Amino acid sequence: MKLKALIFDVDGTLAETEEAHRAAFNTIFAQAGLGWKWSMDDYHELLKISGGKERMRAFQESLPQDERLGDAEIAALHKEKTAIYGEILARGELELRPGVDALIKAGRKAGLRIAVATTTNTPNVEALTQCCWRRPASQVFDVVAAGDQVSAKKPAPDVFNLALERLELAPDVCVAFEDSLNGVRSARGANLPVVVTPSIYTDRQDFSAAQLVRPTLEGLSLSALAVL
Ligand code: XBP
Ligand code: MG
């Protein structure tokens with residue numbers, strides 16, 4: 001295949017962001033006096049639900065009806081969570097996963113387009129590029145397709161299809177990079193070959209539908225991707 005674009009998932013693939021997300025969620029729960037606190041074990045289960053607002057809604061299903069928040073309250077809390085997540089990333093402590101920057105640089109050098117297809121929202125993508133590249137997302141990626149721009153989040157294929165639409169490319173000249181089963185299902189649903197690098201919260205998931213599973217992107221060549 002004549003490879004023309006690399007399409008990256010964000011959370012768990014570009015960087016191990018989910019501990020920052022979990023800290024931001026727990027901070028807003030405490031500030032709101034909800035008495036909710038998500039442990040790593042809780043979050044391991046909750047991350048099977050794609051999307052922060054959807055995750056909060058799924059979590060409160062286990063609570064008595066009169067303790068559940070309405071959609072407007074969840075949306076307001078999630079907006080605050082996004083602001084806190086941005087503050088956490090602004091500390092500049094988060095690093096890209098091994099091999100990510102080298103692969104993006106090699107892709108750029110070979111004239112490939114670089115895109116993002118993520119469940120998280122555009123402010124969080126911006127926070128990550130500022131933290132890890134010290135640049136706006138528009139200077140790191142040619143295309144950003146984010147969860148707040150599609151009606152159905154992963155595992156639906158919508159966000160990868162949006163990335164392909166904006167790239168004006170067919171899936172057979174692109175490769176997707178993911179860390180989760182939801183992400184693999186989304187990429188495969190868009191007919192994209194997908195490379196998986198399991199992350200701290202997804203390492204026990206089933207990646208049999210992926211074309212390649214590697215611990216990290218280190219040492220992955222464009223020629224190896226072109227034959228997927
Ligand atoms: C992972 C997700 C997101 C993040 C939290 O997205 O499912 O929901 O956990 O971000 P990705 P939000 O597709 O990049 O792996 O709170 O903004 O949803
Ligand atoms: Mg992910």
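All values derive from a computational prediction rather than experimental measurement. Below, all heavy atoms of this structure are taken into account, side chains as well, without hydrogens, waters or symmetry copies. Just follow the structure's listing: the first ligand is 1, and inside any ligand the first atom is 1. FYI, the numbering just counts along the sequence from 1.
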Taking a 3.5 Å cut-off between nitrogen or oxygen atoms, can you list every pair linking ligand 1 to the protein, with distances?
| unit_1 | atom_1 | unit_2 | atom_2 | d |
| --- | --- | --- | --- | --- |
| ligand 1 | 6 (O) | Asp11 | OD2 | 3.2 |
| ligand 1 | 7 (O) | Gly51 | N | 3.3 |
| ligand 1 | 7 (O) | Arg55 | NH2 | 2.9 |
| ligand 1 | 8 (O) | Gly51 | N | 3.1 |
| ligand 1 | 8 (O) | Gly52 | N | 3.4 |
| ligand 1 | 8 (O) | Arg55 | NH2 | 3.1 |
| ligand 1 | 9 (O) | Glu18 | OE1 | 3.1 |
| ligand 1 | 9 (O) | Glu18 | OE2 | 2.7 |
| ligand 1 | 9 (O) | Arg55 | NH1 | 2.9 |
| ligand 1 | 9 (O) | Arg55 | NH2 | 3.2 |
| ligand 1 | 10 (O) | Thr120 | OG1 | 3.1 |
| ligand 1 | 13 (O) | Asp9 | OD1 | 2.9 |
| ligand 1 | 13 (O) | Thr119 | N | 2.9 |
| ligand 1 | 13 (O) | Thr119 | OG1 | 2.9 |
| ligand 1 | 13 (O) | Lys154 | NZ | 2.9 |
| ligand 1 | 14 (O) | Asp9 | OD1 | 2.8 |
| ligand 1 | 14 (O) | Asp11 | N | 2.9 |
| ligand 1 | 14 (O) | Asp11 | OD2 | 3.2 |
| ligand 1 | 14 (O) | Thr118 | OG1 | 2.6 |
| ligand 1 | 15 (O) | Asp9 | OD1 | 2.8 |
| ligand 1 | 15 (O) | Asp9 | OD2 | 3.4 |
| ligand 1 | 15 (O) | Asp11 | O | 3.0 |
| ligand 1 | 16 (O) | His78 | NE2 | 2.7 |
| ligand 1 | 16 (O) | Lys81 | NZ | 2.8 |
| ligand 1 | 17 (O) | Thr120 | OG1 | 2.7 |
| ligand 1 | 17 (O) | Asn124 | ND2 | 3.3 |
| ligand 1 | 18 (O) | Gly52 | N | 2.7 |

Check ion pair Asp142-Arg166 (N to O, under 4.0 angstrom): no

Quick one: do Asp9 and Lys154 make a salt bridge, cutoff under 4.0 Å?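 Yes, this pair counts.
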
Please state whether the rings of Trp133 and Phe141 are parallel, tilted or perpendicular, taking 30° and 60° as the class boundaries.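 Ring orientation, 0 to 90° scale: perpendicular.
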
When you check the side-chain N and O atoms of [X] and [Y], is any donor under 3.5 Å from an acceptor?
X: Tyr201; Y: Glu19; answer: yes
X: Asp41; Y: Ser39; answer: no
X: Ser223; Y: Ser221; answer: yes

Qualifying residues under ring-ring contact (aromatic ring centres under 6.0 Å, His included), relative to Phe8, sequence neighbours excluded: Phe177

What are the protein N, O or S atoms, given as residue plus atom name, that sit under 2.8 Å from the Mg ion (ligand 2)? Asp9 OD2, Asp11 O, Asp179 OD1

Using the ring centroid of each side chain, check whether Phe25 and Trp36 are separated by less than 6.0 Å. no

Sequence neighbours excluded, which residues qualify as salt bridge (charged side-chain N to carboxylate O under 4.0 Å, His left out) partners of Lys81?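 For Lys81 there are no salt bridge (charged side-chain N to carboxylate O under 4.0 Å, His left out) partners, ignoring immediate neighbours.
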
